[in-house]
Amino acid sequence: MFETLLQKLQEDDYLTLETTPQHEPTMHNIIERIKKFKLQNKVDGFSCTDNPLAKLRYNALFASLKLQQEFKKPVIATMTMRDRNKIALQSDLLGASDFNVRAILALTGDPAKMSDQPNTKGVFEANSIMLLKIIKSFNYGMDYSGHPFKIEPKQIFPFSVVNSYAKSFTSLEKKMHNKIQNGSLGIISQPVFDIKNAEKLLESFDRAKEDVEGDKKKAQLIFGLFPITKLRTALFLSAQVPGIHVPQMWIDKLESAHKISEEEEYKVGMQLSQDIYKEIRKFHPKVHLMTANRFDVANEIIS
């Protein structure tokens, strides 16, 4: 399952779809909505977010297990440093490995102060590089402190993230290099909305790989895509989310459409989103689609 996903990432077209578990004790609604649009037949795998914005949600590892069991497709489970120390991280990885949840997206995590749970404190023993190093240790048959396991865990497939835009792309290059050196097989970018931005990011990624050896050379950049169908979403992302650049052309077109009608706004946003999806797929067909559980939007983009 995971070997096939990795092969597609390294040698072929690759498409994964993000899911966000909800503030409820079941994955049933998400699973049924994926089935409604038969998205399991249109993507190579899924991902599950881990309490994004520090808001309480169904556990990402259990959610990944449910999706894998239901759709027989690989799922990349997000794990953040915000909520776990190195004991909890390793304990979760051991249990996840036993249930074949073995693709892990290593994130530092959003600040705990954003949480909807009163007086929450973040753990943050380190950033996501520590989790990549833990996974590397597991893949060599030992824990983070160097103690060997009597039974070696199954291989874990680590992924990580990077901003899609920066005033200095040199800083992104260094971060990507560090993540590749620590075993990241795929680096998923924040959403891109402009082909020139994507080209620049890919150039930086290629430079980040220049000095790495062996299998690390096989690491791939995966472009994050987030369809925008509302002007307010474009304005929010542009102004409030670091590491994302929404072109002024998108904002201008959405603004004009917004003045006409809600339907026109959606139509224009969808067309812009479909266009960048098609351009990216021609240029570098490795895409991670994020739609905030708008599976109708995901289906329209893919179709």
Side-chain angles (χ1 to χ4, degrees), residues 4-19 33-34 36-47 73-74 76 159 161-165 169 172 186-206 220-231 233-238 241 243-258 260 262-303:
T4 302
L5 184 71
L6 193 59
Q7 186 176 6
K8 285 191 71 70
L9 175 60
Q10 293 172 350
E11 302 173 9
D12 200 355
D13 290 9
Y14 169 98
L15 176 62
T16 48
L17 175 64
E18 182 178 275
T19 67
R33 279 153 58 203
I34 289 170
K36 178 181 176 182
F37 297 101
K38 299 181 180 176
L39 290 169
Q40 70 274 20
N41 301 326
K42 301 174 185 178
V43 300
D44 300 308
F46 298 95
S47 77
K73 291 266 182 176
I76 303 168
F159 290 74
V161 298
V162 70
N163 285 347
S164 59
Y165 185 81
F169 273 73
L172 297 185
I187 298 183
I188 303 170
S189 78
Q190 284 267 46
V192 292
F193 299 97
D194 177 72
I195 199 70
K196 289 181 180 177
N197 179 189
E199 287 171 351
K200 197 167 183 180
L201 188 60
L202 187 58
E203 286 170 10
S204 291
F205 183 83
D206 288 339
Q220 297 290 327
L221 179 66
I222 303 161
F223 284 119
L225 291 183
F226 186 94
I228 294 179
T229 57
K230 288 183 182 294
L231 172 63
T233 305
L235 293 173
F236 172 80
L237 290 172
S238 184
V241 184
I244 291 180
H245 173 66
V246 180
Q248 188 62 42
M249 178 269 288
W250 279 56
I251 294 171
D252 290 345
K253 286 191 173 184
L254 285 164
E255 197 166 12
S256 297
H258 177 78
I260 298 170
E262 192 174 317
E263 290 76 16
E264 183 66 14
E265 185 180 5
Y266 180 90
K267 180 182 171 184
V268 167
M270 177 55 68
Q271 189 62 59
L272 288 166
S273 300
Q274 285 178 328
D275 287 348
I276 188 66
Y277 174 76
K278 289 172 186 173
E279 285 182 57
I280 291 289
R281 294 281 286 181
K282 287 179 192 171
F283 157 65
H284 182 74
K286 300 172 195 309
V287 170
H288 181 64
L289 190 58
M290 316 168 196
T291 62
N293 289 349
R294 289 284 308 278
F295 298 122
D296 55 333
V297 169
N299 184 57
E300 200 168 342
I301 292 288
I302 294 169
S303 302

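Please read all numbers here as calculations on a predicted model, not as lab measurements. In what follows, residues are counted from 1 in the order of the sequence shown. The figures that follow rest on heavy atoms only: side chains count, while hydrogens, waters and symmetry mates do not.
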Yes or no on side-chain contact (heavy atoms from CB on, under 4.5 Å) for Asn299 and Lys38, after CA distance, side-chain angles and deciding distance?
-> CA-CA 8 Å; Asn299 184 57; Lys38 299 181 180 176; over 6 Å; no
Does Ile34 reach the side chain of Phe46, with side-chain heavy atoms less than 4.5 Å apart?
-> yes
Side-chain contact test, heavy atoms from C-beta onward, threshold under 4.5 Å: evaluate it for Ile280 versus Ile195 and give yes or no.
-> yes
Gln248, CD atom: more than 12 neighbouring heavy atoms under 6.0 Å | yes
Closest heavy-atom pair and its distance - Arg33, Phe295 | CB-CD1, 3.7 Å
Heavy atoms, side chains only, cut-off 4.5 Å: are Ile244 and Phe226 in contact?
-> no
Glu18 side, atom CD; Leu225 side, atom CG - distance, nearest 0.5 Å | 12.0 Å
Step through the shown structure and confirm whether more than 12 heavy atoms of other residues, nucleotides or ligands are within 6.0 Å of NZ on Lys253.
-> no
Under the 3.5 angstrom rule, does the side chain of Asp44 hit a backbone N or O of Thr16 as a donor-acceptor pair?
-> no
So do the side chains of Asp194 and Trp250 get within less than 4.5 Å of each other, counting heavy atoms only?
-> no
Minimum heavy-atom separation for Glu11 to Lys286, with atom names?
-> N-NZ, 4.5 Å
Are any non-hydrogen side-chain atoms of Leu254 and Thr233 less than 4.5 angstrom apart?
-> no
Closest approach of Ile302 and Val43, non-hydrogen atoms and distance?
-> CD1-CG1, 3.9 Å
Decide yes or no for Phe169 and Asn197: does some side-chain heavy atom of the first lie under 4.5 Å from some side-chain heavy atom of the second?
-> yes
Taking it one step at a time, do Ile222 and Leu9 satisfy side-chain contact (heavy atoms from CB on, under 4.5 Å)?
-> CA-CA 8 Å; Ile222 303 161; Leu9 175 60; 3.6 Å; yes
Those residues at least two apart in sequence (or on a different chain) that pass side-chain hydrogen bond (donor to acceptor under 3.5 Å, both in side chains) with Glu265 are His258
Looking only at non-hydrogen atoms, find the nearest pair between Leu172 and Ser164 and report the distance.
-> CD1-C, 4.4 Å
Taking atom NZ of Lys42 as the centre, does the number of heavy atoms from other residues, nucleotides or ligands within less than 6.0 Å exceed 12?
-> yes
Give the C-alpha distance, both sets of side-chain angles, the deciding distance and a yes or no for side-chain contact (heavy atoms from CB on, under 4.5 Å) between Glu255 and Leu235.
-> CA-CA 10 Å; Glu255 197 166 12; Leu235 293 173; over 6 Å; no
Asp296 vs Phe37, side-chain contact (heavy atoms from CB on, under 4.5 Å): CA-CA, chis, key distance, verdict | CA-CA 7 Å; Asp296 55 333; Phe37 297 101; 3.5 Å; yes
Nearest heavy-atom pair of Met290 and Ser189: which atoms, and what distance?
-> CE-O, 3.6 Å
What are the two closest non-hydrogen atoms of Glu300 and Tyr266, and how far apart are they?
-> OE1-OH, 2.8 Å
Rounded to the nearest 0.5 Å, the CD atom of Gln220 sits from the CD1 atom of Ile187 at a distance of 10.5 Å
Answer whether the closest heavy-atom distance between the side chains of Phe223 and His284 falls below 4.5 Å.
-> yes
Distance (rounded to the nearest 0.5 Å) between Ile228 CD1 and Met270 CE | 11.5 Å
Would you say the side chain of Gln271 lies within less than 4.5 Å of the side chain of Gln274, judging by non-hydrogen atoms?
-> yes
In Å and rounded to the nearest 0.5 Å, what is the OG1 to CG distance from Thr4 to Asp12?
-> 11.0 Å
Picking from Val192, Leu237, Val241, what satisfies side chain to side chain contact (heavy atoms under 4.5 Å, CB included) with Val246?
-> Leu237
Measure the spacing between CD of Glu262 and CD1 of Ile260 and express it to the nearest 0.5 Å.
-> 13.5 Å
